[in-house]
Amino acid sequence: MSETIYLLNGPNLNLLGQRQPEIYGYDTLDDVESACRALLPDGLELMAFQSNHEGALIDTIHAARQDGCAIVINPGAFTHTSVAILDALNAFEGIVIEVHLSNVHKRETFRHHSYVSLRADGVIAGLGIEGYAAAIRHILRQLGTDD
Ligand code: DHK
């Protein structure tokens, strides 16, 4: 059964709330995870995982192939560099939503390109931590579990 939503966060997002709060805000990754978990109906699980290592994120995307119905991913800086994460997401059949806390298009040009967007079903940028909740709400609607 695919009954798990994977919430994946990439490098430096363990420092959310402390790192450049003028860009990324004061909420922490724990706040993000609790906000997402609170939205889930019975029968759906959240698997939250953060890593600063590309391979660990890829291994977790592979694990999602077994029991994942959707992936919400903020790949951090790997967004702009990682063909390997794109390839892993291309091997996953469920819904993929890419989230960025900041509006990457308003920032340096190297942040304007995303490999992950070539696979993502939806992309959210610039809504701060609300972007993660919006992604979960969208997935619940897609799955028909939002009543
Ligand atoms: C987070 C990062 O760590 C950056 O490397 C990305 C993204 C933007 C964010 O806005 O959440 O460029």
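This chain uses plain numbering: 1 for the first residue, then up along the sequence. Every number for a ligand or one of its atoms is a count from 1 in the order of the listing.
For the pair Asp121 and Arg119, the salt-bridge criterion is met [side-chain N within less than 4.0 Å of a carboxylate O].
Of the protein's heavy atoms, Ser102 OG, 2.6 Å lies nearest to atom 10 (O) of ligand 1. Closest protein heavy atom to atom 1 (C) of ligand 1: Tyr24 CE2, 3.7 Å.
Atoms of ligand 1 found under 4.0 Å from any heavy atom of His80, numbered from 1 in the order shown, are 6 (C), 12 (O). Against a heavy-atom cut-off of under 4.0 Å, Val104 is close to the following atoms of ligand 1: 8 (C).
Between the side chains of Glu98 and Thr79, no donor-acceptor pair of N or O atoms lies under 3.5 Å.
Contacts between Leu101 and ligand 1, counted as non-hydrogen atom pairs separated by less than 4.0 Å, involve both the backbone and the side chain. Counting heavy atoms closer than 4.0 Å to ligand 1, residue Ile23 contributes nothing at all. Residue Arg19 touches ligand 1 through its side chain alone, judged by heavy-atom distances below 4.0 Å. Under 4.0 angstrom from ligand 1, the non-hydrogen atoms of Arg111 all belong to its side chain.
Ligand 1 has no nitrogen or oxygen under 3.5 angstrom from a nitrogen or oxygen of Val99.
Heavy-atom separations between Asn74 and ligand 1 include at least one value shorter than 4.0 Å.
At a threshold of 4.5 Å between non-hydrogen side-chain atoms, the residues Val72 and Leu8 do not count as touching.
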